[in-house]
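These notes are about the structure you will find just below.
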Amino acid sequence: PVTIPEPENERQFQNDIDKEHVGARIRFMTNLLRKPDLNADDLKSIPADDPFFPLFEEMVRLKQEADQALKKSKQETSGLEQMVQQRTLESKIKESNLRAILDSTDDDIYLVNEQYELIDYNTNFENSFYARFGVIPEKGRLLFEQMPPEYEDLKLLTIARYRDWE
């Protein structure tokens with residue numbers, strides 16, 4: 001049988017103790033960092049001469065910074081969400097007001113952009129357009145594409161009028 005000299009055995013034994021100590025300290029640190037309300041008072045249970053103390057201290061500081069940043073981010077997100085909800089509500093109110101104005105007149109009203117895409121219209125315009133051309137107008141499409149080909153002269157006349165207004 002091979003025998004190891006006593007000092008070597010003692011060193012191996014000490015290494016095993018140190019490894020177990022390191023493992024225990026790491027488990028302690030991991031559990032400590034899992035605490036939702038981690039603070040500097042939690043470091044009081046660690047001796048200041050513990051070789052892991054500076055690491056614990058830095059990790060506590062970093063976790064506190066991360067928690068504060070997360071809290072601030074949640075507050076900002078909440079504020080932003082409230083602003084979006086407020087603006088959405090304001091937009092819906094304005095749209096309802098515009099719709100009420102458009103539909104309260106007997107005139108045909110429609111809105112087009114610079115490319116002659118139909119943006120919006122009132123009920124009277126929809127009814128008149130359908131009665132004249134046999135199709136229901138679609139928002140987002142070119143107004144003149146929605147007219148049957150036999151109305152080409154009317155398309156050109158209307159385009160000329162728009163250009164005169166520019």
Side-chain angles (χ1 to χ4, degrees), residues 1-105 109-123 125-126 129 135-146 159 162-163 165-166:
V2 178
T3 56
I4 299 174
E6 191 63 26
E8 194 67 27
N9 282 338
E10 182 62 33
R11 192 175 318 140
Q12 183 64 41
F13 179 73
Q14 187 60 44
N15 284 341
D16 289 345
I17 290 174
D18 289 345
K19 286 179 185 175
E20 181 58 33
H21 178 73
V22 168
R25 303 308 289 152
I26 290 172
R27 283 191 296 281
F28 175 79
M29 183 176 7
T30 303
N31 289 333
L32 188 66
L33 291 173
R34 287 186 180 138
K35 285 183 66 177
D37 56 346
L38 183 66
N39 61 53
D41 290 338
D42 293 311
L43 293 175
K44 290 179 181 176
S45 63
I46 303 169
D49 62 346
D50 186 319
F52 285 98
F53 186 81
L55 180 61
F56 282 132
E57 192 173 42
E58 182 65 11
M59 294 194 77
V60 167
R61 187 188 66 74
L62 290 172
K63 184 165 187 317
Q64 287 174 332
E65 283 181 13
D67 289 345
Q68 288 172 352
L70 182 61
K71 184 178 179 180
K72 183 179 178 183
S73 175
K74 285 180 180 178
Q75 289 171 343
E76 289 172 356
T77 300
S78 175
L80 183 60
E81 287 173 354
Q82 288 176 351
M83 286 175 53
V84 168
Q85 289 174 351
Q86 180 65 28
R87 297 282 164 80
T88 301
L89 178 62
E90 289 171 3
S91 177
K92 287 180 180 181
I93 290 171
K94 288 178 182 178
E95 186 176 330
S96 294
N97 290 341
L98 176 62
R99 179 68 31 220
I101 292 168
L102 289 176
D103 287 336
S104 67
T105 181
I109 300 175
Y110 63 98
L111 308 168
V112 293
N113 63 17
E114 295 83 17
Q115 291 78 37
Y116 309 112
E117 293 171 329
L118 190 57
I119 297 171
D120 203 356
Y121 53 84
N122 67 358
T123 305
F125 174 79
E126 180 179 19
F129 196 89
V135 294
I136 296 176
E138 294 179 39
K139 295 176 186 175
R141 286 191 52 211
L142 294 176
L143 177 64
F144 307 115
E145 283 183 355
Q146 300 182 57
I159 290 172
Y162 283 140
R163 289 192 178 136
W165 291 338
E166 292 175 355

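Excluded from the calculations below are hydrogen atoms, water molecules and symmetry mates; all remaining heavy atoms, backbone and side chain alike, are included. Just so you know, these numbers come straight off a predicted model, no measurement behind them.
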Which atoms form the tightest heavy-atom contact between Tyr121 and Pro137, and what is the distance? OH-O, 2.9 Å
In Å and rounded to the nearest 0.5 Å, what is the CD to CE distance from Glu76 to Met83? 11.5 Å
Taken to the nearest 0.5 Å, the spacing of Leu111 CG from Leu118 CG works out to 8.0 Å
Note: Asn122 and Leu102 closest approach over all heavy atoms is ND2-O, 3.0 Å
Shortest non-hydrogen contact from Leu98 to Asp120? CD2-OD2, 4.2 Å
Ser96 side-chain N/O to Lys92 backbone N/O, donor-acceptor pair under 3.5 Å: yes
Do other residues, nucleotides or ligands put more than 12 heavy atoms under 6.0 Å from Glu95 CD? no
d(Gln115 CD, Leu142 CG) to nearest 0.5 Å is 8.5 Å
Any Lys/Arg nitrogen of Asp67 or Lys71 sitting under 4.0 Å from an Asp/Glu carboxylate oxygen of the other? no
Once you round to the nearest 0.5 Å, how far does OH of Tyr116 lie from OH of Tyr162? 8.5 Å
May I ask you to decide whether Arg61 forms a salt bridge with Glu57, counting only side-chain N to carboxylate O separations under 4.0 Å? no
Got a donor-acceptor contact below 3.5 angstrom from the Thr77 side chain to the Ser73 backbone? yes
Answer yes or no: is there a donor N or O on one side and an acceptor on the other, between the side chain of Gln146 and the main chain of Val135, under 3.5 Å? no
With no hydrogens and no angle check, just 3.5 Å: does a side-chain donor-acceptor pair link Gln85 and Glu81? no
Gap separating the NZ atom of Lys139 from the OH atom of Tyr110, nearest 0.5 angstrom: 15.5 Å
Could you check whether any side-chain heavy atom of Gln82 comes within less than 4.5 Å of a side-chain heavy atom of Gln86, counting everything from C-beta outward? no
